[in-house]
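Atoms considered below: every heavy atom in the structure, side chains included; atoms not considered: hydrogens, waters and symmetry mates. Please read all numbers here as calculations on a predicted model, not as lab measurements.
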Amino acid sequence: MTNNDFYWYWFTNIAGIGVKTQKKLLEHFGHPSTIYNAPESEIKGILTTGQCKEVIASKNQKK
């Protein structure tokens, strides 16, 4: 799996994040790798509190 594949897999499998929210995130950040590496404060400005928590939690690669 390439890095690009990893980021897309991660992005499309975040619990509580649907197609509309994915589109909003991609419009703002451009690519899943940018979302993955974005500071929590920037993500909070776009998503609900619950969605933001899911994005942060999904970054735990040990899951």
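- Within the 4.5 Å cutoff, side-chain heavy atoms of Asn4 are placed close to those of His31.
- With a 4.5 Å cut-off on side-chain heavy atoms, Pro32 and Leu26 count as touching.
- By the 4.5 Å heavy-atom criterion applied to side chains, Trp10 and Lys59 are counted as neighbours.
- Taking the side chain to side chain donor-acceptor pair (under 3.5 Å) definition, one finds that Thr34 meets it with nothing, sequence neighbours left out.
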List, one per line, each side-chain donor-acceptor pair under 3.5 Å for residues 37-44, sequence neighbours excluded.
{"unit_1": "Asn37", "atom_1": "ND2", "unit_2": "Ser33", "atom_2": "O", "d": "2.8"}
{"unit_1": "Glu42", "atom_1": "OE2", "unit_2": "His28", "atom_2": "NE2", "d": "3.1"}

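- Thr21 places no side-chain N or O within donor-acceptor distance of the main-chain N or O of Ile17, the cut-off being under 3.5 Å.
- Here Ile14 contributes atom CD1 and Leu25 contributes atom CG; the two are 7.0 Å apart, rounded to the nearest 0.5 Å.
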